[in-house]
Amino acid sequence: MAFLCQRDSYAREFTTTVVSCSPAELQTEGSNGKKEVLSGFQVVLEDTLLFPEGGGQELECRVSPLITFTSFPEPDDRGTINDISVLRVTRRGAQADHFTQTPLTPGSQVLVRVDWERRFDHMQQHSGQHLITAVADHLFEMKTTSWELGRFRSVIELDSPSVTAEQVAAIEQNVNEKIRDRLPVNVRELSLDDPEVEQVRARGLPDDHAGPIRVITIQGVDSNMCCGTHVSNLSDLQVIKILGTEKGKKNKTNLIFLAGNRVLKWMERSHGTEKALTTLLKCGAEDHVEAVKKLQNSTKLLQKNNLNLLRDLAVHIAHSLRDSSDWGGVVALHRKEGDSEFMNIIANEIGSEETILFLTVGDEKGAGLFLLAGPAEAVETLGPRVAEVLEGKGAGKKGRFQGKATKMSRRAEAQALLQDYVSTQSAEE
């Protein structure tokens, strides 16, 4: 038997009974990107309004002797049971496990509500994929070999080495015509031995599938085995926008698309960006590209001039250091502006094999770059120690050691370390 979410994808709340509740853990990803393990409970209900992950097509199956279809299951729903948040829903055979962090009493009546915005988004993207897949096959005999319902965009993998801009435009025009035609989308259940099953476009069934086969039919367009949630009429898709294509795996092409509310959100973001650029560039949207090109050319020229000036400054600094009365032993220099090339030019111009040269650039109290130059044996010994003091890392050879540092505020400690080394060497001589 199908779950309520499959029998009526538009239902937003209903009452059911708790069958069981057992301790469980859920591995999730925290806001910092690290894996976290949550303690909670797996709750099983008599029926569920929340679509479970794993309820979509089999991950990999054979469509024909030459084509294998790979599908990422439709993401699970979010919602509440008696106002208790459901953090994950997974299908296990004929039942759905709901992960909560609060226990629920078996036998009790509970009110289940679905996060409708998330559900309707999934319905739009999934039905949109069925429509695009059918149209691409009908117009150009391009078979869908994979698809993924992503968080911000969805991707259909077509069994074609390339898809032209004209073909993309034709697919987009055709699918939107069908949306405007308000074609109904029907859900039927067929038994495994029903002869009609052979007429349905199939992508295989999960290994633990039980019961009848669910068939999604877009009137006059496509019939396809599927366990996911779908709109009941193509008009609910509102609009489909194909953003473009990109090279896929193994001589295939990825088609990137948005359906329904995602198109509206994309337009809102794009319009916001357009307004911001209009303010910054002080020109209309039609002139944005040309204005940015002019800025890029101007920036390149400024960078080139700045680089030349920085090189001239490095040469001047090198000569000033070499001619200074303080020359000898350890010579240190820090400049906020500069890069590794700036430091290397100074070291090359000085070319001293007797003096230890300690150069740093970047934030005086934060991160930056450093370079140590001088006698090869001394640099080989001191380089890693300086990196440790500056809480950075680096590498070197032939009298040079350079790297990145996170604590430029400890430059004085590093310089003292170098002075102690030179003093010790002088005393031994």
Self-check item: Residues Ile345, Val315; criterion side-chain contact (heavy atoms from CB on, under 4.5 Å); working and verdict
Solution: CA-CA 7 Å; Ile345 291 174; Val315 172; 3.9 Å; yes
Practice problem: For side-chain contact (heavy atoms from CB on, under 4.5 Å), just list the numbers for Leu313 and Leu309, CA-CA rounded to whole Å, side-chain angles, deciding distance to a tenth of an Å, and then say yes or no. | Solution: CA-CA 6 Å; Leu313 178 61; Leu309 289 172; over 6 Å; no
Exercise. Go through the steps for Arg88 and Asp97 under the test salt bridge (Lys or Arg N to Asp or Glu O under 4.0 Å), then give the verdict.
Key: CA-CA 8 Å; Arg88 184 69 53 82; Asp97 292 332; over 6 Å; no
Practice problem: Run the numbers on Asp363 and Met408 for side-chain contact (heavy atoms from CB on, under 4.5 Å), then give the verdict. | Solution: CA-CA 7 Å; Asp363 186 348; Met408 279 296 175; 5.9 Å; no
Self-check item: Worked check of side-chain contact (heavy atoms from CB on, under 4.5 Å) between Val86 and Val43
Solution: CA-CA 9 Å; Val86 176; Val43 178; over 6 Å; no
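Summarising the local packing, CD of Glu274 is surrounded by more than 12 heavy atoms from other residues, nucleotides or ligands at distances under 6.0 Å. For CD of Glu380, the number of neighbouring non-hydrogen atoms (other residues, nucleotides, ligands) closer than 6.0 Å is 12 at most. The 12-atom threshold is not exceeded at CD of Glu117, counting heavy atoms of other residues, nucleotides or ligands nearer than 6.0 Å.
Formation of a donor-acceptor pair under 3.5 Å by the Thr253 side chain with backbone atoms of Pro161 is found in this model. With hydrogens and angles disregarded, a donor-acceptor distance shorter than 3.5 Å links the side chain of Gln167 to the backbone of Thr164. Of the possible polar contacts, one joining the Gln125 side chain to the Ala259 backbone as a donor-acceptor pair under 3.5 Å is found. Remark: side-chain polar atoms of Glu349 are not paired, donor with acceptor, to backbone N or O of His319 under 3.5 angstrom. Here the side chain of Asn176 pairs a donor or acceptor atom with the backbone of Glu172 at under 3.5 angstrom. Side chain of Gln124 to main chain of Asp236: a donor-acceptor pair is present (N/O by atom type, distance under 3.5 Å, no hydrogens or angles). Of the possible polar contacts, one joining the Ser160 side chain to the Ser162 backbone as a donor-acceptor pair under 3.5 Å is found. Without hydrogens or angle criteria, Asp222 side chain to Ile218 main chain gives no donor-acceptor distance under 3.5 Å. The backbone N or O of Glu364 sits less than 3.5 Å from a side-chain atom of Arg411, completing a donor-acceptor pair. Checking side-chain atoms of Thr48 against main-chain N and O of Ala96 turns up no donor-acceptor pair under 3.5 Å.
Using a 4.5 Å cut-off on side-chain heavy atoms (C-beta onward), Gln42 and Val44 make no contact. Side chains of Val386 and Phe401 form no contact here, defined as non-hydrogen atoms less than 4.5 Å apart. The shortest distance between side-chain heavy atoms of Arg180 and Glu177 falls below 4.5 Å. Side-chain contact between Ser9 and His230: absent, with no pair of heavy atoms (C-beta onward) separated by less than 4.5 Å. Counting heavy atoms from C-beta on, the side chains of Ile171 and Phe140 come closer than 4.5 Å. For the pair Val187/Arg214, a side-chain contact is recorded, criterion being any heavy-atom separation below 4.5 Å from C-beta on. Between Leu183 and Val221, some side-chain heavy-atom pair lies under the 4.5 Å cut-off. Using a 4.5 Å heavy-atom cutoff, the side chains of Trp147 and His126 are in contact.
When all heavy atoms are compared, the tightest approach of Phe3 to Asp47 is CA-OD1, 3.5 Å. Taking each heavy atom of Gly362 and His334 in turn, the nearest pair found is O-NE2, 3.1 Å. Across every non-hydrogen atom of Lys178 and Leu131, the tightest pair is CD-CD1, 3.8 Å. Summarising the geometry of Cys5 relative to Leu49, their closest heavy-atom pair is CB-O, 3.2 Å, with the distance given to 0.1 Å. Nearest heavy-atom pair, Val379 versus Pro384, reported as atom, atom and distance to 0.1 Å: O-CD, 4.3 Å. For the pair Arg262 and Phe152, the tightest heavy-atom approach, listed with the atom from each and the gap, is NH1-C, 3.3 Å.
Atoms CG and CZ, from Leu307 and Phe342 in turn, are 11.5 Å apart once rounded to the nearest 0.5 Å. How far CD of Gln296 is from CG of Leu301: 14.0 Å, rounded to the nearest 0.5 Å. How far NE2 of His98 is from CD of Gln95: 10.0 Å, rounded to the nearest 0.5 Å. One distance of note links CD of Glu148 with CG of Asn254; it measures 9.5 Å at 0.5 Å rounding. Note that CD of Glu341 is 10.0 Å distant from CG of Asn348, once rounded to the nearest 0.5 Å. In this structure, OG in Ser270 is found 13.0 Å from NZ in Lys275, a value given to the nearest 0.5 Å.
Asn308 is linked by a side chain to side chain contact (heavy atoms under 4.5 Å, CB included) to Lys304, Arg311, counting only residues two or more places apart in sequence or in another chain.
Under the 4.0 Å criterion applied to side-chain N and carboxylate O atoms, Asp76 and Arg118 are assigned as salt-bridge partners. Under 4.0 Å is where a charged nitrogen must lie from a carboxylate oxygen, and between Arg410 and Glu391 at least one such pair does.
Thr145 and Glu157 form a side-chain donor-acceptor contact under 3.5 Å, judged by distance and modelled atom types alone.
Looking at Val239, Asn233, Ile240 one by one, the single match for side-chain contact (heavy atoms from CB on, under 4.5 Å) with Leu237 turns out to be Ile240.
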